[in-house]
Each structure stands twice: as structure tokens, then as C-alpha cells.
Amino acid sequence: MKKLLFLLLIICGFLSACEDKTYTPKPKVYMRMEFPVKSYQTLDTSAYPFTFRYPAYAQIEPYTQKDEKYWFDVDFPTLGATINMTYKEIKHDSNLVGYINDCHRFINAQLTQASSVKTREYRDEENHIWARIFNIDGANVPSTCQFFITDSLHHFLRGSLYFNTAPNNDSLAPAINYIKIDIDSLVTSFRWKK
């Protein structure tokens, strides 16, 4: 009797498990990012031959290499992103051409992974600012935004945005777009010291 009851329970269990249930997989989701409220502060120190506005939620991290005393990072710790900034003094015209060619070489190295490159120029003749911003679209592009700023006579500054993770720009798109606003603010507020 106990064996028959046990067998009956097993059969009922199998029959109830064989219902026609439709399985719907959950869509792939990405980590939710919390963005700080936009606010800016000015980098104005005797350590650098320029000033600019940068986000209050970012940190300036100087490089420790002796040869490159004006190189630094704008670090976004809550977003896992960094803008690498490199400065070069222009000593003659061929330096400027070489620095601009280097920028284009770094961008061209990403073209195999890029779907498009959009270029914008910014000029402020009164303050001797000439900038070019490159927005690089593509799913696995390591640096989605690069730019340079120069006065074309004495100073040249280059910036590249990187995230501290494997490139998956579809999921990083909100953070990329958020930081691009900060890059625009940096470029338009940039001033060379006399």
C-alpha cells in the first residue's frame, strides 16, 4: 500500500510538471549608473601653464614622470573613467605638425573598430584657443573621445577618454555622453597663461 501511494505521488508530480509553460528569457541588462549633479571647479595652479574648468566629481592626478611635468589625468572615480592629458611645448612649426599627426595616428589606430568618427572644431581667437574634438563611435572602441587644444605657437595639449573596463560602448553610452559634456566644458573654458 505504501509503495502504491509513493508511486502515485511520483506520477502526480511528473504530470503536474509537464504543463505547457512558455519560458521567456529576461532581457540583457546593464549596471545602472548614478550620475552626480553637474558642477564645476577651476584648475588654476602655478603647476600648469593653463587653466580650465573640470567637474567637481573628478580629481586631477598628476603623472609622476620627471620628463613630462605637465601630464596628468582627470579621473572620474565614481564612473570608472579617466581623461589622459598630455602637454607638449611647441618649439618650432614642425613640432605642431608632428603633434597633430600623432593625434590622427592614435585615432586611425581605432578605425578598424570604429563605425564613425565625428570631428568638431572650436576656436576662440581672443584667447588663442584652437581645439578639435573627435567623437569615435563603435562597440569596442577603447577611447570614444579624443581632443587636442593648441595656440599653434607655444602650447599643445591632447586628451583621451578611457574607461577602466573592457570596451563595451553600448552599455557605457550613458557615461560616455555624460563625460562628453564635461569635455566640452573643459575645452570651452580652457585658457593659456601668458
Side-chain angles (χ1 to χ4, degrees), residues 28-33 35 38 43 48 50 52-55 57-65 67-90 93-124 129-152 155-190:
K28 193 173 189 178
V29 295
Y30 299 105
M31 177 179 71
R32 179 181 170 168
M33 295 181 153
F35 297 110
K38 294 270 185 209
L43 174 76
Y48 298 105
F50 45 77
F52 61 86
R53 280 188 336 205
Y54 69 100
Y57 40 87
Q59 302 167 350
I60 302 295
E61 301 288 338
Y63 277 35
T64 56
Q65 300 171 346
D67 297 342
E68 306 298 350
K69 65 180 179 177
Y70 299 131
W71 289 23
F72 61 97
D73 289 337
V74 180
D75 188 36
F76 297 83
T78 59
L79 300 175
T82 302
I83 303 172
N84 299 127
M85 305 286 278
T86 57
Y87 171 86
K88 294 286 187 181
E89 185 179 352
I90 300 172
D93 289 346
S94 63
N95 281 134
L96 177 61
V97 172
Y99 298 151
I100 292 173
N101 286 341
D102 284 345
C103 285
H104 287 265
R105 187 172 46 84
F106 288 126
I107 292 165
N108 288 340
Q110 298 188 77
L111 290 182
T112 58
Q113 298 164 323
S115 57
S116 71
V117 177
K118 296 176 186 106
T119 305
R120 290 184 298 125
E121 286 194 14
Y122 174 78
R123 287 183 185 268
D124 179 349
I129 303 293
W130 176 52
R132 189 174 286 167
I133 303 169
F134 304 90
N135 291 312
I136 307 163
D137 294 326
N140 296 317
V141 175
S143 177
T144 57
C145 186
Q146 297 189 25
F147 61 93
F148 67 80
I149 304 169
T150 184
D151 65 353
S152 71
H155 308 285
F156 187 88
L157 183 86
R158 179 180 174 286
S160 300
L161 171 64
Y162 293 96
F163 282 85
N164 307 328
T165 183
N168 182 355
N169 297 331
D170 290 340
S171 64
L172 293 173
I176 291 168
N177 293 331
Y178 184 80
I179 294 174
K180 282 181 181 179
I181 295 168
D182 297 332
I183 290 171
D184 285 347
S185 175
L186 185 155
V187 169
T188 57
S189 67
F190 201 89

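The analysis underlying the following values was restricted to heavy atoms, covering all of them including side chains, and did not include hydrogens, waters or symmetry mates. Model, not experiment: these values are computed from the prediction.
Taking the salt bridge (Lys or Arg N to Asp or Glu O under 4.0 Å) definition, one finds that D124 meets it with R191, sequence neighbours left out. Y57 is linked by a side-chain hydrogen bond (donor to acceptor under 3.5 Å, both in side chains) to K38, Y178, D182, counting only residues two or more places apart in sequence or in another chain. The side chain to side chain contact (heavy atoms under 4.5 Å, CB included) test applied to Y70 returns Y48, P49, Y87, not counting sequence neighbours. Evaluation of the side-chain hydrogen bond (donor to acceptor under 3.5 Å, both in side chains) rule for S152 yields no partner, not counting sequence neighbours. In this structure, the ring-ring contact (aromatic ring centres under 6.0 Å, His included) partners of Y99, at least two apart in sequence or on a different chain, are F156. Remark: E121 engages R123, R132 in a salt bridge (Lys or Arg N to Asp or Glu O under 4.0 Å) (not counting sequence neighbours). With sequence neighbours left out, T150 forms a side-chain hydrogen bond (donor to acceptor under 3.5 Å, both in side chains) with no residue at all.
In this structure the side chain of V117 reaches within 4.5 angstrom of the side chain of L111, judged on heavy atoms. Contact annotation: the side chain of Y63 approaches that of N84 to within less than 4.5 Å [non-hydrogen atoms, C-beta and beyond]. Considering only heavy atoms from C-beta on, F163 comes within 4.5 Å of I176 through its side chain. Annotation: side chain of I133 is in contact with side chain of V187 (closest heavy-atom distance under 4.5 Å). Side-chain contact between T82 and V74: absent, with no pair of heavy atoms (C-beta onward) separated by less than 4.5 Å. Contact of the K88 side chain with the R158 side chain is not registered, since no non-hydrogen atoms from C-beta on lie closer than 4.5 Å. At least one side-chain heavy atom of F147 sits less than 4.5 Å from a side-chain heavy atom of M85.
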TODO: Begin from the C-alpha positions of W130 and I149 and carry the test side-chain contact (heavy atoms from CB on, under 4.5 Å) through to its verdict.
DONE: CA-CA 6 Å; W130 176 52; I149 304 169; over 6 Å; no

Open item on the list: Assess the residue pair F50 and F190 against the criterion (ring-ring contact (aromatic ring centres under 6.0 Å, His included)); give the C-alpha distance rounded to whole Å, side-chain angles, the decisive distance to 0.1 Å, and a yes or no.
Closed with: CA-CA 7 Å; F50 45 77; F190 201 89; 5.2 Å; yes

Task: Test side-chain contact (heavy atoms from CB on, under 4.5 Å) applied to L79 and F35, step by step - done: CA-CA 8 Å; L79 300 175; F35 297 110; 3.8 Å; yes

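The salt bridge (charged side-chain N to carboxylate O under 4.0 Å, His left out) pairs that include a residue from residues 71-82 number zero, where partners must be two or more places apart or lie in different chains. The list of ring-ring contact (aromatic ring centres under 6.0 Å, His included) pairs with a residue in residues 103-123, not counting sequence neighbours, reads H104-F134. Sorted by first and then second residue, the salt bridge (charged side-chain N to carboxylate O under 4.0 Å, His left out) pairs with a member in residues 97-111 read D102-R105; sequence neighbours excluded.
Here the CD1-CD1 distance, from I179 to I83, works out to 6.5 Å after rounding to the nearest 0.5 Å. The CH2 atom of W71 sits 5.5 Å away from atom OG1 of T86, with the distance rounded to the nearest 0.5 Å. Atoms CG and NE2, on L96 and H155 in that order, are 12.5 Å from each other to the nearest 0.5 Å. The line from CZ of F52 to OG1 of T188 is 12.0 Å long, rounded to the nearest 0.5 Å.
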Could you go through residues 136-144 and list every donor-acceptor pair under 3.5 Å that involves a side-chain atom there, pairing it with any protein atom two or more places apart or in another chain?
from : atom 1 : to   : atom 2 : distance (Å)
D137 : OD2    : S116 : OG     : 3.2
D137 : OD2    : K118 : NZ     : 2.6
S143 : OG     : C145 : O      : 3.4
S143 : OG     : Q146 : NE2    : 3.4
S143 : OG     : L161 : O      : 2.9

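With hydrogens and angles left out, the side-chain atoms of R53 and S185 include a donor and acceptor closer than 3.5 Å.
Counting all heavy atoms, side chain and backbone alike, N164 lies closest to A81 at ND2-N, 3.9 Å.
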